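It should be emphasised that the depicted structure is a prediction, and the values quoted were computed from it without experimental measurement.
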Amino acid sequence: MSPSSRGEMSDLYPTFQDEVARLSASPEVRSAFNWFRAQEPQLAHWQLEMGRIAAPPFGEGPRAAWLAERFRELGLDDVRIDDVGNVFGIHPGFGKRYIALSAHIDTVFPAGTPLNVRQQGTRLFGPGVSDNGAGVTAMLAIASLLRSVRVRHAMPFVFIGNVGEEGEGDLRGMRHIFATPRWKDAIAYSLILDGAGADTIVAEALGSRRFEIIVRGPGGHSWSDFGAPNPIVILARAIERFCQTPVSAAPKSTFNIGVIRGGTSVNSIPESASMRVDIRSTSSSELERLERALRVCLDQSVQAEQYTAEHRSTSQRKTHAVTCEVVVIGDRPAGELELNARLLHVIRAVDAHLGNVAQVQRASTDANIPLSLGREAIAIGGGGSGGGAHTLQEWFDCSGRELGLKRILLTLLVLAGVDE
Ligand SMILES: [Zn+2]
């Protein structure tokens, strides 16, 4: 079923709602819902256990090994860890295309961060306990359910605990999956579990490009080498020019100069200076336009400073050589789910059935990768509630986790279709 127009889609919309209602009333889905309720102690146990295994960016190995063990215990097929550290497990079905249920296993916390993970009543505390303890736990809950309760579905599911979602990870786990021949075209839908809650649907991918720009020159004495090109001046000129670049309000685009460094002393012409620039947009072409503008401003500033140096220099030195190196330190592609995407209609129908209110949001998540490739993907929460993400005071409250799990299960089952 791949409706091509919105007209067609709106005719189908009630069909999804009927399908959700029919599934929810079936004995197998009702027992699945009861099973979720009974499993809460096990879920909290997994969440705490995983939270105690550090998973800094590029250091997810021990947590990946733990997750692969859980996948095996839960009877998933073909459990494996790929070249970059993503963990896979398969729950079979019919057909060659899969629904991916994924959750990132990395945290923002550097190695050595004290992980005082603990439980008080329904609350779990500790860095990463919600982001993404909540997502990974919800994924395990679904895998565990499919083993314990017979729930019919057609399409197969691939469970993925992926690396590299946070900061410097730059979506490397997801990027690798969608560059791998095995998965690139085999994943029809991506349901990404990130953090707590059931009140959001991330269907728009905020793109970003980040650069470290390093300008190097001959350096020199502030008096005797006066006139030699100055990397700090080059950066200052480039910033001044770049900040005059028009940015569009829709699609929303932004830029920021976040870090600037350079020089060694007040009476030295610096040998180098660097800055970090963040460009964001919901549109890939705007990202490209802003990047081009940044590069042009840098080139113009280098030329202007070299020209000035040649005409002003009193130095004996003949060299005014300046280099400008632009290093891409982050590249998250933009994209968005089409309004008539099946996945969006299904989750809407599920939310309507559950009486759940959720807002479509734009964010930078693992969904950026499939969305930028034109695939159907959303990121949603793993249920419960949470706060203090990316801080040592992070918490997760298990109350209401069931709603999130029901939402995930129904979405998967409607998407997969029923095997009858
Ligand atoms: Zn996250």
Side-chain angles (χ1 to χ4, degrees), residues 1-4 8-9 12 15-16 19-20 23 28-29 32 67-68 71-72 74-104 138-140 142-147 149-163 171 173-193 203 205 333 335 337-338 340-347 349-350 366-380 408-420:
M1 177 165 36
S2 55
S4 54
E8 248 177 284
M9 197 68 218
L12 286 169
T15 313
F16 288 131
E19 180 62 6
V20 175
L23 271 171
E28 53 188 45
V29 172
L67 186 63
F71 278 2
R72 283 191 194 98
L74 294 173
L76 293 181
D77 292 346
D78 201 15
V79 174
R80 61 175 67 211
I81 299 180
D82 73 9
D83 300 342
V84 300
N86 297 312
V87 188
F88 296 80
I90 289 169
H91 181 83
F94 300 92
K96 292 197 171 71
R97 303 198 77 203
Y98 289 78
I99 300 174
L101 187 66
S102 69
H104 72 84
M139 177 171 68
L140 287 172
I142 300 292
S144 180
L145 168 88
L146 292 173
R147 176 184 142 113
V149 180
R150 185 173 175 270
V151 187
R152 282 167 299 164
H153 59 92
M155 289 174 79
F157 304 134
V158 54
F159 290 80
I160 308 170
N162 62 280
V163 297
L171 310 182
M174 235 355 137
R175 220 182 284 271
H176 186 78
I177 294 163
F178 280 90
T180 304
R182 169 81 177 89
W183 294 116
K184 175 160 79 74
D185 299 315
I187 296 175
Y189 302 101
S190 298
L191 198 55
I192 289 151
L193 306 177
L337 195 56
E338 290 195 18
N340 64 2
R342 184 161 178 256
L343 181 48
L344 199 53
H345 282 271
V346 170
I347 187 108
V350 168
D366 277 327
N368 281 46
I369 300 297
L371 286 174
S372 74
L373 297 170
R375 305 300 172 74
E376 294 206 13
I378 53 172
I380 61 177
I408 296 162
L409 179 67
L410 286 173
T411 303
L412 282 176
L413 294 179
V414 177
L415 281 176
V418 179
D419 142 45
E420 279 168 322

Flag side-chain contact, heavy atom, 4.5 Å: L101 against I160: no
pair M174-S102: side-chain heavy atoms closer than 4.5 Å: yes
Sole candidate of I192, I177, I369 that passes side-chain contact (heavy atoms from CB on, under 4.5 Å) when paired with N162: I177
Side-chain heavy atoms of W183 within contact of H176, under 4.5 Å: no
Heavy atoms of other groups near E338 CD, more than 12 under 6.0 Å: no
Scan the side chains in residues 87-98 for donor-acceptor partners under 3.5 Å anywhere in the protein, sequence neighbours excluded, and list what turns up.
unit_1	atom_1	unit_2	atom_2	d
H91	NE2	H153	NE2	3.3
R97	NE	D185	O	3.3
R97	NH2	D185	O	3.2
Y98	OH	R182	NH2	3.4

Return all side-chain donor-acceptor pairs below 3.5 angstrom for residues 74-82, not counting sequence neighbours, or 'none' if the list is empty.
unit_1	atom_1	unit_2	atom_2	d
D78	OD1	R80	NE	3.4
D78	OD1	R80	NH2	2.9
D82	OD1	V84	N	3.0
D82	OD1	G85	N	3.0
D82	OD1	N86	N	2.9
D82	OD2	N86	ND2	2.9

Rounded distance (nearest 0.5 Å) linking atom CZ of F157 with atom CG of L412: 5.0 Å
From T411 atom OG1 to I142 atom CD1, the distance as rounded to the nearest 0.5 Å: 9.5 Å
Close side-chain approach of P333 to R175, heavy-atom, < 4.5 Å: yes
From L191 atom CG to I380 atom CD1, the distance as rounded to the nearest 0.5 Å: 4.5 Å
Any donor-acceptor pair under 3.5 Å from E376 side chain to A341 backbone: no
